[in-house]
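All remarks here apply to the structure that follows.
Here the structure is a predicted model, which means the values were calculated and not measured.
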Amino acid sequence: MRRTMSFWRGIGALAAVVVLAGIVPAHAQTQGMERRDERRDDRAGARSAKQACKAGDEKSRAECRHVKRRAKQAGRNDGGKRGNEVPATKPAQ
């Protein structure tokens with residue numbers, strides 16, 4: 001009986017090791033998650049650009065807003081060249 005219990009404990013420990021080894025580091029797993037991380041990085045960069053602009057005191061608030069907007073637009077895939085366009089829909093077939 002004891003031998004059977006130690007056998008199952010060994011199997012359980014081995015299963016736990018396999019499960020824990022299968023856990024990968026926390027990073028983007030899909031393309032959507034990668035895009036979200038990139039947007040977050042772009043926003044953080046834009047925030048720091050605006051803070052640096054405000055700290056300089058040589059530009060107005062409006063000019064600092066434009067600095068932030070340009071930084072965010074530059075982070076887009078198209079570099080901010082497209083406006084707020086509605087994506088083209090595919091006709092139903």
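Taking the side-chain contact (heavy atoms from CB on, under 4.5 Å) definition, one finds that Glu63 meets it with Lys59, Ser60, sequence neighbours left out. Under the side-chain contact (heavy atoms from CB on, under 4.5 Å) criterion, Lys72 pairs with Arg43, Ala46, Lys68, sequence neighbours left out. Applying the side-chain contact (heavy atoms from CB on, under 4.5 Å) rule to Ile11 yields the partners Phe7, Trp8; only residues at least two apart in sequence or on another chain are considered.
If you take CZ on Arg39 and CZ on Arg36, they are separated by 7.0 Å, rounding to the nearest 0.5 Å. To the nearest 0.5 angstrom, Met33 atom CE is 13.5 Å from Glu38 atom CD. Rounded to the nearest 0.5 angstrom, Asp42 CG and Gln73 CD are separated by 10.5 Å.
Within the structure, disulfide bond (SG atoms under 2.5 Å apart) pairs that include any residue of residues 29-63 comprise Cys53-Cys64 (at least two apart or interchain).
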